[in-house]
Amino acid sequence: MGSVAETQRTLYPYVTGSSVVAIKYKDGILMAADMGGSYGSTLRYKSIERLKPIGKHSLLGASGEISDFQEILRYLDELILYDNMWDDGNSLGPKEVHNYLTQVMYNRRNKFNPLWNSLVLGGVKNGQKYLGTVNMIGINYEDNHVATGLGNHLARPILRDEWHENLTFEDAVKLLEKCMRVLLYRDRSAVNKIQISKITEEGATLFPPFSLKTNWEFSAFRNPTAGAEVPASLSSTPICYTNALFFVILTLTWVAAKKGHWRIRKLLRLSAPSRSYRRRVRNRLLKSRKPTLNQAQFQLAISQIPPRFTPEELFNVLTLQNDPLVCLELFHWASQQPRFRHDVSTYHVTIKKLGAAKMYQEMDDIVNQVLAVPSVGSEAMYNTIIYYFTEARKLTRAVNIFKHMKSSRVLNCKPSIRTYHILFSALLSRGHNTYINYVYMGPIRSLFRQMVNDGIEPDIFSLNLMIKGYVLSLHVNDALRIFHQMGGVYDCKPNTFTYDYLIHGLCAQGRTNNAKEICHEMKTKGFIPSSKSYNSLVSALALGGEVDEAVNYLWEMIEKQRSTDFITYRTILDEICRRGRVQEAMKLLQELQEKDLVEGHDYRKLRHVLEDDYGNPVSRIGPGYSSVRRSLQSISLGFMPAFAWVAKINSYLHGYATEELANGRN
């Protein structure tokens, strides 16, 4: 099993490449880029290739994040492989690849997870030369010469002046060298190691890298501050102004701190402390609150230990200690006694005490001592270590302990079903984000496969955890596969948690028919769906247009004494109103309130939401309401309807007012 470290999106580029310049020439496409890779503002790498042939007819260059460029190359490898598998004599040309890259970049941008690159795609197919570019948000175009990064500002003017469509290969190379020399002078991220590639009808050719001839003897290079000297008459003025400005800022800061005036605070931009500052303050506070050893209790514990004590006697004393610091100090004190060695019981109880007190650093030190003694260990102790490491969110350490158990030669240290339960639960407790659960389902599947291969029979708990993981990562079909294998393959009968996970997952994907079948099977076996299952089913049915079925399940849910949340009530009432049955929705809400199924606050909130979204239900009674309402909206926008419509509106409002007075409403 590999590392289980958390992964994040590319929020900021780390290792980046600079500009790419490409032009069309008489026989094909020519592309140039340097081989530098900048780590922030540091030129960390000097041999990164950013020009790659794609298939038979295309050449790709990229600037920006190198790791994202590698991900794009992986996408393109899969695309070319899929295209070659057809074996129909056709192959993707540069225009098709460019369109594919445009869709990929735009799709990732819409997911707020962009690939941090600007790409140049050129190629030749059937005698037609193609050159285009696309940036990280999907903006693309085709031209005779393109550039990315600073090259778009520094190289394109040169290309507009000197490029023509009959350029020979030698002239095109000289033109690209001129552009790259200007970029080397002006771009701090550029390096003097250039690679040029060409693609023609015969295919792509990547030439070996080379260095440009440069001249740094220009006067502006030798003395960049020339002409920027300050006149002698003004040499003392900035100091006076600086002192005065400093006094003004100091005074305003004092007034803002004392009076709290928001205008002064806005002027000075007094922002909140940074995250790193708050973390340092919190760490200092935790250190200052660190408990100290109770010497009296420690001496009392020592007095309870007989001379020439055994590990069993020390274990009994450690078990009675409620203070983890006293327990830790006793452990260290015993380690220094002559002719004494700790055994599994003393290590285990000390680790358990420290883990329960969340003293994970001290616990880690004891664990390192355990790992240094191969003969000491037990399956129960290692399970405790893994459990507390997962509680501390140290998944890498927990996995290392698991690997240590698998490689151990002691039979009672091998992983058991309990070990796998702890790891499954830890990996599935990383949050309710679908992407996070999707990432961790790979290690979970690997763990499950290892468990079966080691001859450990999965139980209902581990199978339910697998179903839960598949549901949370939106692999509902895999969850159903595990469900159908329970009786035949694993000899386990599903329980109420199994059905609840499946109902929730099916409803999340809108598969209400399958969810109703699972719910019916669950009830025939004597199980009652949980509140979460009922809420998911009612909401999914309502959103899918089966409003009457959703209402039936709502009453069944109430009959089974399952709690209904506010979102379920809001969803079903909203969907009823969307179908023009506002009065029915209000009647249902009133009935729920009369049976004390909806609290007063929730009832008022739901009623106000319905009235705001769909208007007063009483005013919707009778024909002509929609037409009258549209006419009133037209009047509010400044349009005057015909006289007949004015009379109709007047008559309708008069009838409504009469009905309101008859009902005793103000």
Side-chain angles (χ1 to χ4, degrees), residues 17 19-34 49-63 69 72-73 75-77 79-80 83-84 88-106 117-135 138-149 151-180 182-183 194-209:
S19 306
V20 177
V21 183
I23 60 175
K24 293 180 181 178
Y25 74 102
K26 185 171 63 174
D27 298 325
I29 304 295
L30 205 61
M31 199 175 297
D34 64 33
E49 293 187 358
R50 296 185 288 119
L51 306 179
K52 298 288 183 180
I54 306 298
K56 300 179 181 178
H57 308 288
S58 303
L59 180 66
L60 178 67
S63 60
F69 177 49
I72 292 171
L73 291 178
Y75 291 162
L76 292 174
D77 287 342
L79 177 70
I80 298 300
D83 181 57
N84 292 336
D88 56 357
N90 295 321
S91 58
L92 293 175
K95 187 171 184 179
E96 290 82 3
V97 177
H98 186 228
N99 290 336
Y100 171 79
L101 290 174
T102 300
Q103 298 302 319
V104 168
M105 305 298 277
Y106 186 68
N117 297 102
S118 293
L119 306 175
V120 174
L121 195 287
V124 181
K125 183 179 181 182
N126 299 329
Q128 298 294 323
K129 293 176 286 187
Y130 185 89
L131 182 60
T133 181
V134 57
N135 66 2
I139 297 176
N140 64 95
Y141 61 90
E142 179 190 357
D143 206 344
N144 294 319
H145 47 77
V146 297
T148 63
N152 206 23
H153 305 280
L154 301 178
R156 290 297 295 280
I158 300 174
L159 296 175
R160 292 190 189 101
D161 292 339
E162 302 185 17
W163 179 89
H164 56 87
E165 59 185 18
N166 293 322
L167 278 173
T168 63
F169 175 75
E170 292 77 11
D171 294 338
V173 170
K174 290 180 182 178
L175 182 57
L176 283 183
E177 287 181 353
K178 182 176 182 180
C179 294
M180 299 306 293
V182 171
L183 289 172
I194 310 300
Q195 186 177 32
I196 291 180
S197 299
K198 73 171 183 178
I199 184 166
T200 61
E201 282 283 5
E202 288 74 22
T205 304
L206 272 69
F207 298 101

Any heavy-atom pair between the side chains of R156 and D143 that's under 4.5 Å? yes
Measure from the side-chain N and O atoms of K129 to the backbone N and O of Y25, and report whether any donor-acceptor pair falls under 3.5 Å. yes
In chain order, what residues pass the side-chain hydrogen bond (donor to acceptor under 3.5 Å, both in side chains) check against T102, with sequence neighbours excluded? none
Rounded to the nearest 0.5 Å, what separation is found between the CG atom of L59 and the OG1 atom of T200? 11.0 Å
At what distance, to the nearest 0.5 angstrom, does NE2 of H153 lie from CG of L183? 11.0 Å
Tell me whether N84 contacts the main-chain N or O of I80 through its side chain, where contact means a donor paired with an acceptor under 3.5 Å. yes
Could you give the distance from OG (S118) to CD1 (I139), rounded to the nearest 0.5 Å? 9.5 Å
Check: I196 and M31 side chains under 4.5 Å, non-hydrogen atoms: no
Output for pair (M180 CE, D34 CG), nearest 0.5 Å, gives 5.0 Å
Evaluate side chain to side chain contact (heavy atoms under 4.5 Å, CB included) for V173 paired with L30, printing each intermediate quantity in order. CA-CA 8 Å; V173 170; L30 205 61; 3.7 Å; yes
Would you sort out whether I23 and L175 count as a side chain to side chain contact (heavy atoms under 4.5 Å, CB included), showing the intermediate values? CA-CA 9 Å; I23 60 175; L175 182 57; 4.3 Å; yes
Once salt bridge (charged side-chain N to carboxylate O under 4.0 Å, His left out) is applied, do any residues pair with E49, and if so which ones, sequence neighbours excluded? K52
So which atom in G123 and which in I29 form the shortest heavy-atom distance, rounded to 0.1 Å? N-CG1, 3.7 Å
What heavy-atom pair brings E142 and L131 nearest, and what distance separates the two atoms? CG-O, 3.1 Å
Say whether, by atom type as modelled, one donor and one acceptor occur between the side chain of E96 and the main chain of G93 under 3.5 angstrom. yes
Okay, side chain of N140, backbone of G138: is any donor-acceptor separation there less than 3.5 Å? yes
Nearest atoms (heavy-atom pairs only) where V97 meets S58: CG2-OG, 4.0 Å
Suppose we screen for ring pair (Phe, Tyr, Trp, His ring centres under 6.0 Å). Which residues come up paired with H57, at least two apart in sequence or across chains? none
If only atom types and distance count, is the side chain of R50 paired as donor or acceptor with the main-chain N or O of G61 below 3.5 Å? no
For the CG atom of N135 and the OG atom of S63, what is their distance to the nearest 0.5 Å? 9.5 Å
With sequence neighbours left out, write down each residue that passes salt bridge (charged side-chain N to carboxylate O under 4.0 Å, His left out) with D83, or none if nothing qualifies. none
With distance as the sole test, does S19 use its side chain to make a donor-acceptor pair with the main-chain N or O of G149 at under 3.5 Å? no
Do any N or O atoms from the side chain of N99 and from the backbone of K95 form a donor-acceptor pair under 3.5 angstrom? yes
Candidate pair L60 and L51, rule side chain to side chain contact (heavy atoms under 4.5 Å, CB included), full reasoning: CA-CA 6 Å; L60 178 67; L51 306 179; over 6 Å; no
Shortest non-hydrogen separation from V124 to P94 and the atoms involved: N-CG, 4.1 Å
Kindly list each side-chain donor-acceptor pair under 3.5 angstrom involving residues 157-166, sequence neighbours excluded, with atom names and distances?
| residue | atom | partner | partner atom | Å |
| --- | --- | --- | --- | --- |
| E162 | OE2 | K178 | NZ | 2.5 |
| W163 | NE1 | K24 | O | 2.7 |
| H164 | ND1 | N166 | N | 3.4 |

Does any part of the side chain of V134, heavy atoms only, come nearer than 4.5 Å to the side chain of H98, both counted from C-beta? yes
Locate the shortest heavy-atom distance separating P53 from L206; write the atom from each residue and the value. CD-CD1, 3.8 Å
Starting at CG of L101, measure out to CG of L76 and round the result to the nearest 0.5 Å. 5.0 Å
Do M105 and L119 make a side-chain contact, defined as non-hydrogen atoms from C-beta onward lying under 4.5 Å apart? yes
Do side-chain atoms of Q195 reach the backbone of A32 as a donor and acceptor pair under 3.5 angstrom? no
Does a side-chain heavy-atom distance below 4.5 Å link L92 with K56? no
Hits for ring pair (Phe, Tyr, Trp, His ring centres under 6.0 Å) against F207, two or more places apart or cross-chain, chain-then-number order -> F169
Taking it one step at a time, do T205 and S197 satisfy side chain to side chain contact (heavy atoms under 4.5 Å, CB included)? CA-CA 6 Å; T205 304; S197 299; over 6 Å; no
Minimal non-hydrogen separation, F69 against N117, with atom names: N-OD1, 3.5 Å
